[in-house]
Amino acid sequence: MESEQPVEIEVNGQRSRATVPVRTSLADFLREHLGLTGTHVGCEQGVCGACTVLLDGRSVRSCIVLAAAADGRRVRTVESLADGDGLHPLQEAFRQHHGLQCGFCTPGFLMTLVEVLGERRGLDDDEIRDAISGNVCRCTGYQGIVEAVRTADRTWDRSVEGEPE
């Protein structure tokens, strides 16, 4: 019988407590225990990037991080980006530049880029491509994503952005 462990994780500014099997991934915790299905699970090996979330402000593959390892920490998911009916500047740039097609990989790209653009401005195309190299998209060809990142870099007022309290 698999043992269980209590966890308390701050997710998008809200404390969440649960007792989960010790092998529960952070992705499964978010999706199954909290109903936050914006975090997509693709390869389940940490390769495709679809499940990327921010853990204490750093991007991680939630399919290979155990929920128990996130105990006492802060997680931010794609659900935290939009503000009511308004899209986050990065989401709006993806929409404007057709940076998504099927949308499966998009949450992972967005969360990766929230970290990258939160730390650096003025990335050139090669730096953008390097930043997103850990995220796989089979639909777009990446050019729309690169254009979206350039636009978001210019339009996103980072002074109003921050980790949820």
Side-chain angles (χ1 to χ4, degrees), residues 1-95 99-120 131-140 142 145 148-149 152 156 158 160-165:
M1 180 179 218
E2 188 171 346
S3 63
E4 294 188 333
Q5 175 166 342
V7 294
E8 182 176 335
I9 304 170
E10 181 183 313
V11 180
N12 299 335
Q14 302 292 318
R15 288 256 175 238
S16 300
R17 292 184 181 107
T19 299
V20 298
V22 293
R23 293 180 184 230
T24 300
S25 71
L26 180 56
D28 288 342
F29 175 77
L30 295 169
R31 293 179 59 81
E32 296 171 13
H33 291 272
L34 302 183
L36 297 173
T37 58
T39 300
H40 295 163
V41 179
C43 68
E44 296 187 73
Q45 298 174 6
V47 176
C48 74
C51 67
T52 302
V53 299
L54 298 182
L55 180 61
D56 293 334
R58 307 308 278 176
S59 57
V60 298
R61 306 297 198 239
S62 64
C63 71
I64 58 171
V65 172
L66 295 176
D71 185 37
R73 300 174 74 185
R74 291 177 299 122
V75 173
R76 186 170 179 199
T77 70
V78 70
E79 285 90 352
S80 73
L81 295 184
D83 182 20
D85 290 333
L87 294 176
H88 183 279
L90 193 51
Q91 291 172 307
E92 179 59 30
F94 264 64
R95 187 192 67 74
L100 61 105
Q101 285 183 21
C102 82
F104 190 82
C105 64
T106 305
F109 273 100
L110 292 171
M111 297 314 294
T112 296
L113 290 164
V114 164
E115 177 190 13
V116 171
L117 292 179
E119 293 176 351
R120 297 193 48 217
I132 62 173
S133 65
N135 295 79
V136 176
C137 176
R138 293 196 168 121
C139 299
T140 66
Y142 298 94
I145 295 170
V149 174
W156 178 11
R158 279 99 161 159
V160 298
E161 179 73 12
E163 291 292 309
E165 296 302 319

Does His88 offer a backbone N or O that forms a donor-acceptor pair with the side chain of Gln91 under 3.5 Å?
yes
Taking C-beta and beyond as the side chain, do Thr140 and Cys137 meet within less than 4.5 Å on heavy atoms?
yes
When rounded to the nearest 0.5 angstrom, what is the spacing between CE in Met111 and CG in Leu55?
11.0 Å
Is there a donor-acceptor pair under 3.5 Å between the side chain of Ser62 and the backbone N or O of Cys51?
yes
Can you sort out the partners of Arg120 under salt bridge (Lys or Arg N to Asp or Glu O under 4.0 Å), two or more places apart, ordered by chain and number?
Glu127
Please answer whether the main-chain N or O of Asp56 pairs with a side-chain N or O of Arg76 as donor and acceptor at a distance below 3.5 Å.
no
Locate the shortest heavy-atom distance separating Ala67 from Val20; write the atom from each residue and the value.
CB-CG2, 4.3 Å
Is there a side-chain contact between Val114 and Leu90, using heavy atoms and a 4.5 Å cut-off?
yes
Which value, rounded to the nearest 0.5 Å, describes the distance between Cys43 atom SG and Arg61 atom CZ?
8.0 Å
Is it true that Glu8 and Arg17 have a side-chain N and a carboxylate O under 4.0 angstrom from each other?
yes
Main-chain N/O of Gly38 paired with Glu79 side-chain donor or acceptor, under 3.5 Å:
yes
Below 4.5 Å, heavy atoms only, C-beta onward: do Thr24 and Glu32 meet side chain to side chain?
no
OG1-CD1 distance between Thr52 and Ile132, expressed to the nearest 0.5 angstrom:
12.0 Å
Quick one about Thr39 and Arg31 (side-chain donor to acceptor, distance below 3.5 Å, no hydrogens or angles considered), yes or no?
no
Gap separating the CG atom of Leu113 from the CG atom of Asn135, nearest 0.5 angstrom:
7.0 Å
Do the side-chain N and O atoms of Glu115 and Ser59 include a donor-acceptor pair separated by under 3.5 angstrom?
yes
Between NE2 of His33 and CD1 of Ile9, what distance do you get to the nearest 0.5 Å?
9.5 Å
Is it the case that atom CD in Gln5 sees more than 12 heavy atoms from other parts of the structure closer than 6.0 Å?
yes
With rounding to the nearest 0.5 angstrom, report the CZ to SG distance, Arg138 to Cys105.
10.0 Å
Could you tell me whether the side chain of Leu66 reaches within less than 4.5 Å of the side chain of Leu26, counting heavy atoms only?
no
Give the minimum heavy-atom separation between Ala50 and Phe104, together with the two atoms involved.
CB-CE2, 3.9 Å
On a heavy-atom basis, the closest approach of Cys63 and Gly46 is SG-N, 3.2 Å
